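Data first, discussion second: the structure below is written as structure tokens.
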Amino acid sequence: MNIFSVTQFVDFVNTSFTSAVFPEGVTIEGEVVEYRVSQDRWIWFVLKDETAVISCFATVWQLRTPLEDGMRVRVFGVPKIYPKSGKFSVTVERVELVGEGALRRAFELLKKKLETEGLFSLDRKRTIPRFPERVGLIASKESAAYTDFLRILGNRWGGMTISLTSVAVQGKDAVSEIVGAFSYFNAHPELADVLVLTRGGGSLEDLQAFNSEEVARAVFGSRVPVIVGVGHERDESLADYVADIRASTPSNAAEMLTPDRREVVAFIDGGMRHVDMAMRAALTGRRDAVSAITAQIESYARRSITVFLHQLKDFRRHFAVFSERLHAKQVACEGFHVQLFSAAAAWSDRLTRRLDADTRLLKTLDPRRPLEKGYALVTKGGRVVKDAGQVDVHEMVDIQLFRGGLRTEVKEIL
Amino acid sequence: MTKIKQDTSNFGEAYKELEGIIAWFENEDVDLEEGLKKFERGLALAKQCKDRLKEVENKVVHIKAKFGALDEEHTDDSEDDQRALL
């Protein structure tokens, strides 16, 4: 018989459990009691049924499923004796919740936790491109959700490139594959403007991956905006709450992703009809304005011509009157001319005759004529002396004779 | 082919510009000269957008990767999938 040291024995048992007895690990179903977390790092709980209990241990980062006393679970792990305490326990790798009650409770617990952390905050919701060209699709290729999504998408919009990462959407690989797909798309940003995570409806158990903390954090942490469409109308998942856009079904995810081309065509047609009408109105307006201006110019021109023609007519009339008057004046003038000349001739004759008579008269009145006959004219200082009283003795007087004159001194007044 | 590709990638921009033009005609007192330019541009954009909308198929590329290990392998199964869609 082999004799072990204590260390050897514990080692032997532990090795036997992992390599020989349970090479694929062990799965134990039971109810959680005495659940506790120490130092935010270690999780301890007891799994029990009606007649037995087994201690369980896990690390906080490995066990993301929210647990609570009273939950029914399936524990996947490795049984082990802890050498320092000799305590036998199961080191838990993952836990599956069993039954609607446990799942519902876990869902509520995690929802509350993530909500408190702000993962559902509306402030962080990003907008998706209006017309996405590249879509990253995270779905199971075999699922109805996948074909529904593509069918509805094809009805609405074309020309997109859809990169599909076909993942398990339930079962033990679902969480890691979904999380892996998010990592992949975030490492290849050239593949997608937007990510769509979708699957069809199912029980709370089927939808576990979509209610897992890991998937919720992957959606939250994605740099590419995410649309999540899981289940039927009434289903809810935590991934939904974290998503930038929450779609109610896979088909609805397609509807949220792109507009319907018919609506877009209708908008373009309607818009261009309006543009066409506006242009026609503008053209008509311009044409009317041109017509109005032309009409105005025409009316001005007509008016000017009319005025001009009136003026011309007036001018002609006035000119005719003036011509007549002018002619009359001319005739009159010619008459005057004749009258003038004849009058002038008569006047000249009369004047000549009168001049002759006057000359003759003047000759008879010439003061020198009596001197011819021997009379003399006496003047003193240029004045004619008619009275002897006008002169004094010894004064000098001039005597004008018919030919020549004398200056003499008055000797005596007679 | 290259041109179609270019137009395709610009659908969002073309549509946005077209919306702007349509809005301009709704809001502005249309100036004929500027309106005419915008009208012609709008017609071109509307055609470009509608041509793009005639593309009915979406191309599906399968990413074959082991997501746990990030073992990447691209394959293009789009032809199969397009047939499946039609």
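The structure presented is a predicted model; accordingly, all values stated were derived computationally and were not measured. In what follows, chains are A, B, ... by sequence order, proteins preceding strands, each numbered from 1.
- The shortest side-chain heavy-atom distance between L191(A) and I63(B) falls under the 4.5 Å cut-off.
- The two atoms that bring M272(A) and A46(B) nearest to each other are CG-CB, 3.8 Å, heavy atoms only.
- By number of non-hydrogen pairs under 4.5 angstrom with chain B, the leading residue of R156(A), M277(A), R130(A) is R130(A).
- In this structure the side chain of N58(B) never reaches within 4.5 angstrom of the side chain of V135(A), judged on heavy atoms.
- With a 4.5 Å cut-off on side-chain heavy atoms, M279(A) and L32(B) count as touching.
- Residue contact with chain B, scored on non-hydrogen atoms closer than 4.5 Å, involves the backbone and the side chain of D276(A) alike.
- Most heavy-atom pairs under 4.5 Å with chain A, from the set I21(B), L43(B), L53(B), L36(B): that is L53(B).
- No more than 12 heavy atoms of other residues, nucleotides or ligands lie within 6.0 Å of CZ in R262(A), so this atom counts as exposed by the packing criterion.
- The greatest number of non-hydrogen atom pairs below 4.5 Å with chain A, out of E33(B), K16(B), K38(B), is found for E33(B).
- K59(B) NZ to T161(A) OG1: the interatomic distance, rounded to the nearest 0.5 Å, is 5.5 Å.
- With a threshold of 4.5 angstrom between heavy atoms, R286(A) approaches chain B through side-chain atoms but not through N, CA, C or O.
- Taking the six-membered ring where tryptophan is involved, the planes of W157(A) and F11(B) are perpendicular, since the angle between them exceeds 60° and thus also 30°.
- Taking 4.5 Å as the limit, every side-chain heavy atom of V275(A) sits out of range of all side-chain heavy atoms of W24(B).
- Proximity to chain B involves both the backbone and the side chain of L153(A), based on heavy atoms less than 4.5 angstrom apart.
- Taken from CD1 in I268(A) to CD1 in I22(B), the straight-line distance is 7.5 Å, to the nearest 0.5 Å.
- In this structure a side-chain-to-backbone donor-acceptor pair under 3.5 Å is missing from R261(A) to K50(B).
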